[in-house]
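Below: one structure, written as structure tokens.
Because the structure is a prediction, the values reported are computed rather than measured. Indexing begins at 1, ligand by ligand and atom by atom, following the structure's order.
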Amino acid sequence: MNIVVTGGAGFIGSNFIKYIFKRYPEYKILNIDKLTYAGNLENLKEIEKNPNYKFLKKDICNKDLEEFLDGYDVIINFAAESHVDRAIYGPEEFLKTDIFGTFNLLEIAKKKNIKFIQISTDEVYGSIEEGSFDENSPLNPSNPYSSSKASADLITISYFKTYKVPTNIIRSCNNYGPNQYPEKFIPLMITNAIENKKLPIYGDGLYRREWIYVIDNCKAIDLVLHKGKEGEIYNVSSEFSIPNIEIAKKILNLLGKDESLIEFVKDRPGHDRRYSIKCEKIKKLGWHIETDFEKGIELTVKWYIENKNWWRIIKESPQFITHYKKTYNL
Ligand code: NAD
Ligand code: TDX
């Protein structure tokens with residue numbers, strides 16, 4: 001199979017490319033990534049010389065992308081601006097990449113008659129106090145990130161209905177694992193704890209997410225790629241949720257650090273209280289969780305201990321420092 005992965009230098013995309021080459025060494029992958037602050041070719045070091053792998057540094061919004069995409073079977077669109085806090089202080093890039101970029105790729109998929117898989121998120125359903133959303137629940141996003149992703153989902157659905165572009169949408173819960181940029185909650189908590197810095201917890205710390213180890217999500221994407229029914233949406237979740245404050249305590253405990261490092265800080269505007277999704281459809285395709293949270297968080301903490309150079313370079317960059325000061329009002 002010839003696959004175009006967009007955003008393959010980011011967290012989930014790079015884990016997916018490495019996973020695919022392990023499972024299907026004969027597949028060919030073209031990775032298209034603009035290399036924003038979140039894109040890092042270090043994530044792909046172990047496969048960069050693989051003759052079946054190609055990299056193209058491009059923006060998914062570029063109209064000329066089409067000339068590079070002959071002979072591919074599928075586009076899997078991971079490329080996005082992905083951090084909610086950045087969307088709050090700078091929404092424009094989110095609308096450009098997450099909405100217009102998806103539209104641009106759909107146009108190419110339509111012209112070249114190739115399958116299109118949109119990597120979406122549970123955040124498009126918005127917050128739910130009790131119970132869980134399924135794939136037919138209405139979209140009710142709360143912030144410029146999730147509303148951009150919801151818009152992209154709607155455009156994707158319209159390309160299936162109107163032009164019969166074979167599409168799938170995958171809406172997963174919060175991912176964690178190796179190579180996640182340390183602005184996100186779990187890697188920020190781990191790396192701050194290692195450095196004996198304060199762990200900033202928004203509001204009362206009782207916000208809840210469902211957490212999935214990234215490789216389990218890669219396996220779900222693999223299943224949809226091979227067995228997904230055209231036009232279908234698939235939720236993907238561990239169905240395991242835990243309040244943020246409990247995650248911070250667990251991480252401190254694993255690292256042998258004191259809970260006095262926890263610091264409650266000003267809440268995120270529009271902060272969704274709880275996400276929860278049902279994923280019967282993906283289970284019917286034969287998917288199940290393989291790495292539970294206890295195991296996954298241990299593996300993740302271990303990875304950040306063993307890869308300090310990877311995240312220290314990021315955290316010491318002017319780009320990260322500016323973001324940190326803006327987000328935490330320092
Ligand atoms: P990430 O921020 O780590 O990576 C995004 C990648 O996209 C980077 O390599 C970046 O350089 C690239 N990119 C950004 N704008 C681009 C553009 N205009 N053109 C080309 N490349 C561009 O994100 P992630 O956490 O790996 O998320 C990947 C996808 O999964 C996103 O679409 C996100 O919305 C979705 N998602 C993420 C999570 C999560 O918990 N991380 C959960 C559900 C869904
Ligand atoms: O410093 C922090 N303190 C804190 O309490 C940060 C960065 C986060 N939080 C809280 C906010 C959320 O309740 O932790 C929770 C998780 O935060 P993020 O890691 O920023 O994730 P979230 O906002 O839930 O969005 C993520 O999951 C869905 C990804 O960033 C999205 O790309 C994905 O679509």
Side-chain angles (χ1 to χ4, degrees), residues 5-16 31-41 43-44 56-62 65 76-88 93-94 96-98 100-102 104-105 118-124 127 141-143 145-146 148-149 152-153 169-177 179-189 192 198-212 214 217 221 235-237 241-245 247-248 262-268 270-275 277 323-324 327-328:
V5 164
T6 67
F11 164 49
I12 307 178
S14 63
N15 274 289
F16 181 74
N31 173 18
I32 300 176
D33 197 300
K34 181 182 172 182
L35 299 183
T36 66
Y37 77 93
N40 187 347
L41 292 178
N43 299 350
L44 294 159
L56 182 62
K57 184 175 184 303
K58 281 255 175 220
D59 189 326
I60 57 164
C61 298
N62 269 6
L65 255 193
I76 311 180
N77 182 29
F78 293 87
E81 287 295 334
S82 69
H83 191 42
V84 173
D85 292 322
R86 288 182 192 258
I88 292 167
E93 282 306 307
F94 287 74
K96 282 187 194 155
T97 291
D98 300 10
F100 189 82
T102 304
N104 194 38
L105 295 172
Q118 173 66 0
I119 302 300
S120 183
T121 167
D122 62 357
E123 292 205 17
V124 298
S127 194
S142 307
N143 60 62
Y145 162 71
S146 50
S148 301
K149 294 293 290 186
D153 281 13
I169 296 173
I170 303 175
R171 296 181 179 147
S172 92
C173 64
N174 285 51
N175 286 229
Y176 68 99
N179 295 114
Q180 187 168 28
Y181 193 87
E183 66 191 353
K184 302 282 166 50
F185 183 66
I186 286 185
L188 183 71
M189 296 298 120
N192 276 15
K198 292 285 185 189
L199 274 55
I201 304 291
Y202 295 152
D204 61 5
L206 298 178
Y207 293 82
R208 300 175 83 98
R209 304 288 183 259
E210 293 179 341
W211 293 94
I212 187 170
V214 63
N217 189 23
I221 299 167
N235 286 347
V236 174
S237 173
S241 84
I242 172 171
N244 295 336
I245 185 72
I247 299 181
I262 289 174
E263 181 174 52
F264 289 94
V265 299
K266 192 164 171 279
D267 210 348
R268 170 188 279 175
H271 196 172
D272 284 327
R273 192 65 168 166
R274 176 176 175 267
Y275 296 138
I277 51 175
H323 158 74
Y324 204 79
T327 305
Y328 304 102

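Applying the 4.0 Å criterion to heavy atoms of A9 picks out, from ligand 1, the atoms 9 (O). In summary, the atoms of ligand 2 found under 4.0 Å from a heavy atom of T121, numbered by their order in the structure, are 28 (C), 33 (C), 34 (O). In summary, the atoms of ligand 2 found under 4.0 Å from a heavy atom of L188, numbered by their order in the structure, are 1 (O). Within ligand 1, counting atoms from 1 as listed, the ones closer than 4.0 Å to a heavy atom of T121 are 43 (C), 44 (C). In summary, the atoms of ligand 1 found under 4.0 Å from a heavy atom of N174, numbered by their order in the structure, are 40 (O). Those atoms of ligand 2 that come under 4.0 Å of a heavy atom in P200, given as number and element, are 1 (O), 2 (C), 3 (N), 4 (C), 5 (O). If you number the atoms of ligand 2 from 1 as listed, the ones under 4.0 Å from a heavy atom of I201 come out as 5 (O). Residue-ligand proximity, H83 to ligand 2, at heavy-atom distances under 4.0 Å covers atoms 20 (O). Under a 4.0 Å criterion applied to the non-hydrogen atoms of C173, ligand 1 contributes the atoms 42 (C), 43 (C). Close contacts of ligand 1 with S172, meaning ligand atoms under 4.0 Å from a residue heavy atom, involve 42 (C), 43 (C). Interface of L35 with ligand 1, defined as ligand atoms under 4.0 Å from a residue heavy atom, comprises 11 (O).
Looking at atom 40 (O) of ligand 1, its nearest protein heavy atom turns out to be N175 N, 2.9 Å. For atom 12 (C) of ligand 2, the nearest non-hydrogen atom of the protein is H271 NE2, 3.4 Å. Looking only at heavy atoms of the protein, atom 19 (N) of ligand 1 is closest to I60 N, 2.9 Å. Given atom 23 (O) of ligand 1, the protein heavy atom at minimum distance is S82 OG, 3.3 Å. For atom 29 (C) of ligand 1, the nearest non-hydrogen atom of the protein is F78 O, 3.2 Å. Among all protein heavy atoms, the one lying closest to atom 3 (O) of ligand 1 is F11 N, 3.0 Å. At the top of the distance list for atom 21 (O) of ligand 2, counting protein heavy atoms only, stands N174 ND2, 3.4 Å. Residue, atom and distance of the protein heavy atom nearest to atom 24 (O) of ligand 2 are R209 NE, 2.7 Å. In this structure, the protein non-hydrogen atom closest to atom 10 (C) of ligand 2 is N244 ND2, 3.4 Å. Nearest to atom 22 (P) of ligand 2 among the protein's heavy atoms is E123 OE2, 3.3 Å. For atom 21 (N) of ligand 1, the closest heavy atom belonging to the protein is K34 N, 3.1 Å. Regarding atom 32 (O) of ligand 1, its nearest protein heavy-atom neighbour is K149 NZ, 2.7 Å.
Distances from ligand 2 to the non-hydrogen atoms of R208 include no value under 4.0 Å. Residue contacts with ligand 1 include K58, since one or more of its heavy atoms lies under 4.0 Å from the ligand. Residue contacts with ligand 2 include E183, since one of its heavy atoms falls under 4.0 Å from the ligand. Using a 4.0 Å heavy-atom cutoff, Y181 is absent from the residues neighbouring ligand 1. Residue contact annotation: G8 has no non-hydrogen atom under 4.0 Å from ligand 1. Taking 4.0 Å as the cut-off, S14 does not count as a neighbour of ligand 1 on heavy-atom distance.
Heavy atoms of Y207 found under 4.0 angstrom from ligand 2 belong exclusively to the side chain. Neither the backbone nor the side chain of D122 comes within 4.0 Å of ligand 1, counting heavy atoms alone. At a 4.0 Å heavy-atom cut-off, ligand 1 does not touch C61 at all. Counting heavy atoms closer than 4.0 Å to ligand 1, residue R171 contributes nothing at all. Within the 4.0 Å heavy-atom criterion, neither part of V265 lies near ligand 2. Contact annotation: for Y145 versus ligand 1, heavy atoms closer than 4.0 Å belong to the side chain alone. At a heavy-atom distance under 4.0 Å, atoms from both the backbone and the side chain of K184 approach ligand 2.
The CD1 atom of I170 lies 4.5 Å from the CD1 atom of I119; values are rounded to the nearest 0.5 Å. To the nearest 0.5 Å, atom OG of residue S120 and atom CD1 of residue I169 are 6.5 Å apart.
For a threshold of 3.5 Å applied to N or O pairs, the pair formed by S82 and ligand 2 contains at least one separation below that value. Of the N or O atoms in R268, one or more lie within a sub-3.5 Å distance of an N or O in ligand 2. Not a single N or O atom of V84, backbone or side chain, sits closer than 3.5 Å to an N or O atom of ligand 2. Where the criterion is an N or O separation shorter than 3.5 Å, residue side chain and backbone included, Y328 meets it with respect to ligand 2. Where the criterion is an N or O separation shorter than 3.5 Å, residue side chain and backbone included, Y145 meets it with respect to ligand 2. At a 3.5 angstrom cut-off on N or O pairs, D85 does not count as close to ligand 2.
For atom 14 (C) of ligand 1, the nearest non-hydrogen atom from the set G10, A80, A79, G7 belongs to A80. One option in D59, D33, I170 has a heavy atom closer to atom 18 (N) of ligand 1 than any other, and that option is D59. Checking G101, A38, S120, G177 against atom 44 (C) of ligand 1, the nearest heavy atom belongs to S120. The option from Y176, Y202, F264, F185 that lies nearest to atom 17 (O) of ligand 2, judged by heavy atoms, is F185. Nearest to atom 30 (O) of ligand 1 by heavy-atom distance, out of I186, T36, I212, I119, is I119. The closest heavy-atom contact to atom 15 (N) of ligand 1, among the options I12, T97, I76, comes from T97.
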Full working for side chain to side chain contact (heavy atoms under 4.5 Å, CB included) between N174 and Y275
CA-CA 9 Å; N174 285 51; Y275 296 138; 4.2 Å; yes
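Summarising the local packing, NZ of K266 is surrounded by 12 or fewer heavy atoms from other residues, nucleotides or ligands at distances under 6.0 Å.
At a threshold of 4.0 Å, the pair D122-K149 does not count as salt-bridged, since none of the basic side-chain nitrogens sits closer than that to a carboxylate oxygen.
A ring-centre distance under 6.0 Å is found for F16 and F78. Residues Y176 and F185 place their aromatic rings such that the two centres sit no closer than 6.0 Å.
In this structure, a donor-acceptor pair under 3.5 Å is present between the side chains of D267 and Y207.
Checking N31, D33, N77, D59 one by one against T6, the side chain to side chain donor-acceptor pair (under 3.5 Å) holds for a single residue, N77.
Between E183 and H323, some side-chain heavy-atom pair lies under the 4.5 Å cut-off.
Residues satisfying the side chain to side chain donor-acceptor pair (under 3.5 Å) criterion with S241, sequence neighbours excluded, are R208. Checked against salt bridge (charged side-chain N to carboxylate O under 4.0 Å, His left out), D85 has the following partners two or more places apart in sequence or in another chain: R268.
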